[in-house]
Amino acid sequence: YFTDTLSEDTRPKDPYPIPRKTMAEPDYIDDNNPELIRPQKLINPVKSSRNHQDLHRELLMNQKRGLAPQNKPELQKVMEKRKRDQVIKQQKEEEAQKKKSDLEIELLKRQQKLEQLELEQQKLQEEQENAPEFVKVKGNLRRTVQEATEAPES
């Protein structure tokens with residue numbers, strides 16, 4: 001109506017003209033020739049796999065719910081796994097120590113007593129080695145006097 005009355009020159013030109021089809025239609029579309037092999041879209045084995053379909057479905061459902069998958073860097077994932085493993089290992093060690101039998105507890109006590117005795121003996125030896133010369137000579141004299149008194153009695 002109104003647009004028909006306008007001349008071609010006064011119409012505004014479209015800055016983005018729609019391009020016409022530049023390729024010709026293939027011949028085999030119209031022909032019913034049975035000798036021609038018609039192209040078919042190839043099947044993507046990844047998309048047709050059951051695992052991929054399940055994963056895709058799960059991702060879509062999570063997106064609808066608003067649960068985005070965690071996008072953590074690989075290093076952060078590895079460090080968190082190591083930390084979890086360390087905590088589990090420490091917990092197992094603590095449980096093992098709590099479950100020690102009476103025999104193990106008694107053996108540990110004896111071992112600690114022996115270690116204390118060894119430390120005391122080492123301290124005594126160090127004190128004797130570090131003692132002045134006159135103290136050593138006095139100790140030797142006492143031993144010789146004791147040996148001399150014990151010898152006639154026996």
Side-chain angles (χ1 to χ4, degrees), residues 1-136 138-140 143:
Y1 305 18
F2 183 70
T3 54
D4 290 340
T5 57
L6 289 176
S7 66
E8 289 289 323
D9 297 328
T10 58
R11 282 191 189 158
K13 300 226 176 183
D14 191 9
Y16 304 105
I18 300 172
R20 294 182 184 152
K21 292 185 178 180
T22 55
M23 291 181 56
E25 294 289 328
D27 295 338
Y28 56 81
I29 289 180
D30 296 334
D31 293 342
N32 290 330
N33 190 350
E35 294 177 10
L36 288 178
I37 300 173
R38 300 193 178 198
Q40 294 179 345
K41 192 171 186 179
L42 294 176
I43 298 171
N44 187 348
V46 173
K47 288 188 176 182
S48 64
S49 75
R50 191 78 180 141
N51 290 339
H52 178 81
Q53 290 173 359
D54 292 342
L55 178 65
H56 186 65
R57 189 177 307 113
E58 185 179 342
L59 286 172
L60 285 174
M61 287 177 59
N62 284 345
Q63 186 178 10
K64 286 179 184 177
R65 290 185 197 153
L67 303 172
Q70 293 179 345
N71 296 327
K72 293 184 181 178
E74 189 69 25
L75 180 63
Q76 188 176 1
K77 290 178 185 177
V78 170
M79 295 302 288
E80 286 178 357
K81 185 178 185 305
R82 280 189 186 172
K83 204 172 203 177
R84 275 194 308 270
D85 292 344
Q86 254 184 350
V87 168
I88 291 171
K89 186 178 178 183
Q90 285 178 352
Q91 288 175 350
K92 285 182 181 179
E93 288 176 1
E94 289 173 2
E95 288 176 9
Q97 286 191 359
K98 287 179 182 176
K99 293 180 182 178
K100 285 186 180 175
S101 66
D102 295 336
L103 177 64
E104 287 178 313
I105 293 171
E106 194 63 34
L107 288 174
L108 281 174
K109 286 180 184 177
R110 287 186 183 185
Q111 183 181 2
Q112 288 174 352
K113 285 180 184 177
L114 286 173
E115 288 175 357
Q116 286 178 349
L117 287 173
E118 287 177 8
L119 285 174
E120 289 174 6
Q121 287 177 353
Q122 285 179 354
K123 286 180 183 177
L124 287 174
Q125 285 179 352
E126 288 176 5
E127 287 176 4
Q128 287 177 355
E129 291 174 3
N130 294 338
E133 187 68 28
F134 69 91
V135 174
K136 291 178 186 176
K138 188 176 180 182
N140 287 342
R143 262 188 254 123

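Every heavy atom of this structure was used, including side-chain atoms; hydrogens, water molecules and symmetry mates were not.
Listed by first then second residue, pairs satisfying salt bridge (Lys or Arg N to Asp or Glu O under 4.0 Å) with a partner in residues 81-92 read Lys81-Asp85, not counting sequence neighbours. For residues 40-57, the side chain to side chain donor-acceptor pair (under 3.5 Å) pairs, not counting sequence neighbours, are Arg50-Gln53, Asp54-Arg57.
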Only distances under 3.5 Å count here; give the side-chain donor-acceptor pairs of residues 114-124 to other protein atoms, sequence neighbours excluded, each with its distance to 0.1 Å.
none

Only pairs under 3.5 Å count here: list side-chain donor-acceptor contacts from residues 101-110, not counting sequence neighbours, and write none if there are none.
residue, atom, partner, partner atom, Å
Ser101, OG, Glu104, N, 3.4
Glu104, OE1, Ser101, N, 3.0

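Judged as a side-chain contact (heavy atoms from CB on, under 4.5 Å), and not counting sequence neighbours, the contacts of Asn140 are Arg143. In terms of the side-chain contact (heavy atoms from CB on, under 4.5 Å) criterion, Gln86 has no residue partners (sequence neighbours excluded).
Atom CD in Glu74 sits 11.0 Å away from atom CD in Gln76 (nearest 0.5 Å).
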